[in-house]
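Every number for a ligand or one of its atoms is a count from 1 in the order of the listing.
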Amino acid sequence: MIGVKSEEEIDLLREPCRIVRDCLAFVGGRICAGMTTKEVDTLVYDFIKASGAEPSCLGYYGYPASACVSVNEVVVHGIPDGRVLREGDIVSVDLCAYKNGFHGDGARTFRIGEVSPEKEKLVRVTEECFFKGIEGLKAGTPLYDIGYKVQCHAEGNGLSVIRSYTGHGIGREMHEDPSVPNYGKKGTGPRLPANCVICVEPMIALGGWRVKILPDGWTAVMQDGKCAAHYENTVVVREDGVEILTL
Ligand code: MF3
Ligand code: CO
C-alpha cells in the first residue's frame, strides 16, 4: 500500500529533510583527504544532534553509526571506521534525520580532491540519473517509470544500475512502501498518488551491477571491485510535479 500524507504531515517532514540537506552540505564542506570515515560519521552525529534531531540510522537493525560512508567500490552501507580518505576517492555519505515524528533521508557522493575522469563521469551521471528519474513525475505516474528513466540514462552512458537496493517510501518509518527500483519497464507499476513521499536514490556502477555483502553484514561492495556512486533525495509527489525536500 502506497501511503499518502496530509499537508500537516508534509509540513512536519520538512524539518528533518532540511536537516538532512544542511548536514550533507556541512559534510561536503569539510570532507577531505586524511579524514577517516569515522570522523565523517562524527560530523554527521554532532550536526544532527545539534539540530535537535536524532540520527535514524544509529541502531537501525543494529546499524552502528549515524551515516553510511561508502568509499569507491563500496556502493552503500559502508560502516564508518578507521579507513582514511585519500585524494582521488569518491565517497557517498547517506544519512537520515528523525524529528517531529518523521524521517528525512538523503545521500551525496563527494569527490576527494581531483578524481579520475571516469569517476568524475560516474558521479555526474549518478546525480543526473536522479533528475532524469523524477522528470515529468507527478500524481498518476506509473512507479516503474522512475527506474526506467534512471536505467536509460545510466546504461546510455555505459554505466550499470545496482539491482539489489532500491529507493523507498518514507514518513513515520524510514522505509515504507513502495520500493522504488532504479530499473524497470516504462508504463508499469502502480500509479503514484498525490502526496505520497518517496526517496529516489540511484546507485550506479562503473562496471557490472553485481554486489556482495561483507562479513559485517552491512557493507555492500561491487563484486568486480569497480567504483559505484549514490545520490538520493526525499521527494513529495504532487498533482502537478514534485517537491524535493532535501535540496
Ligand atoms: N539511508 C538509507 C536508505 O536510503 C538507509 C540506511 S540503512 C541504515 O535507505 F541501516 F544505515 F540505516
Ligand atoms: Co538514504
Side-chain angles (χ1 to χ4, degrees), residues 2-3 13 16-28 37-38 40-45 47-49 53-71 74-81 83 90-99 102-110 123 126-127 129-130 133-134 143 146-147 150 161-182 196-205 211 213-221 228-236 244-247:
I2 305 177
L13 239 166
C17 287
R18 265 198 305 268
I19 293 166
V20 166
R21 173 196 70 188
D22 292 347
C23 186
L24 288 166
F26 173 78
V27 170
T37 57
K38 178 74 197 158
V40 174
D41 185 61
T42 301
L43 289 177
V44 169
Y45 177 84
F47 188 98
I48 292 176
K49 284 297 222 180
E54 293 300 322
S56 324
C57 292
L58 187 60
Y60 182 78
Y61 289 99
Y63 187 76
S66 302
C68 299
V69 184
S70 306
V71 184
V74 182
V75 50
V76 287
H77 301 168
I79 299 177
D81 60 10
R83 183 168 180 170
I90 57 170
V91 188
S92 101
V93 178
D94 183 3
L95 56 97
C96 297
Y98 181 73
K99 193 169 182 181
F102 287 88
H103 298 271
D105 188 358
R108 307 282 180 262
T109 297
F110 300 113
V123 173
T126 302
E127 287 185 21
C129 280
F130 167 83
I134 63 164
L143 173 61
I146 298 172
V150 169
V161 169
I162 278 74
R163 310 285 204 264
S164 42
Y165 297 91
T166 67
H168 50 91
I170 191 166
R172 293 188 190 275
E173 304 293 334
M174 185 162 71
H175 292 136
E176 297 184 356
D177 280 347
S179 284
V180 183
N182 292 303
C196 72
V197 182
I198 56 174
C199 292
V200 177
E201 49 178 319
M203 289 155 268
I204 306 297
V211 167
I213 312 289
L214 296 187
D216 62 30
W218 284 102
T219 312
V221 306
H230 182 199
Y231 184 86
E232 173 179 21
N233 285 302
T234 300
V235 167
V236 189
I244 306 172
L245 299 184
T246 48
L247 264 191

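- With ligand atoms numbered from 1 in the order given, ligand 1 contributes 1 (N), 2 (C), 3 (C), 4 (O) to contacts under 4.0 Å with heavy atoms of Asp94.
- The shortest distance between side-chain heavy atoms of Ile79 and Leu214 does not fall below 4.5 Å.
- In this structure, the side chain of His103 does not engage the main chain of Pro16 through any donor-acceptor pair within 3.5 Å.
- Checked against a 6.0 Å centroid threshold, the rings of His230 and Tyr165 do not count as neighbours.
- Here's the thing with Trp218: none of its N/O atoms is less than 3.5 angstrom from an N/O atom of ligand 1.
- When Met203, His77, His175 are ranked by how near their heavy atoms come to atom 9 (O) of ligand 1, first place goes to His175.
- Atoms of ligand 1 lying under 4.0 Å from at least one heavy atom of Met174, given by number and element, are 12 (F).
- The side chain to side chain contact (heavy atoms under 4.5 Å, CB included) test with Leu95 is passed by exactly one of Leu58, Val40, Val20, Asp41: Val20.
- Aromatic pair Tyr61/His175: ring centres not closer than 6.0 Å.
- Looking at Tyr61 against ligand 1, nothing comes within 4.0 Å, counting heavy atoms.
- The Co ion (ligand 2) has an N, O or S atom of Asp94 under 2.8 Å away, backbone or side chain.
- Atom 11 (F) of ligand 1 has Cys68 SG, 3.3 Å as its closest protein atom, hydrogens excluded (heavy atom only).
- Tyr45 is linked by a ring pair (Phe, Tyr, Trp, His ring centres under 6.0 Å) to nothing, counting only residues two or more places apart in sequence or in another chain.
- Two residues are said to be in side-chain contact when any heavy atoms from C-beta on lie closer than 4.5 Å; Asn233 and Arg108 meet this criterion.
- For ligand 1 and Glu232, the ligand atoms under 4.0 Å from any heavy atom of the residue are 4 (O).
- Looking at Cys57 against ligand 1, both its backbone and its side chain come within 4.0 Å, counting heavy atoms.
- Of all atoms in ligand 1, numbered sequentially from 1 with element shown, those under 4.0 Å from a heavy atom of Cys96 are 1 (N).
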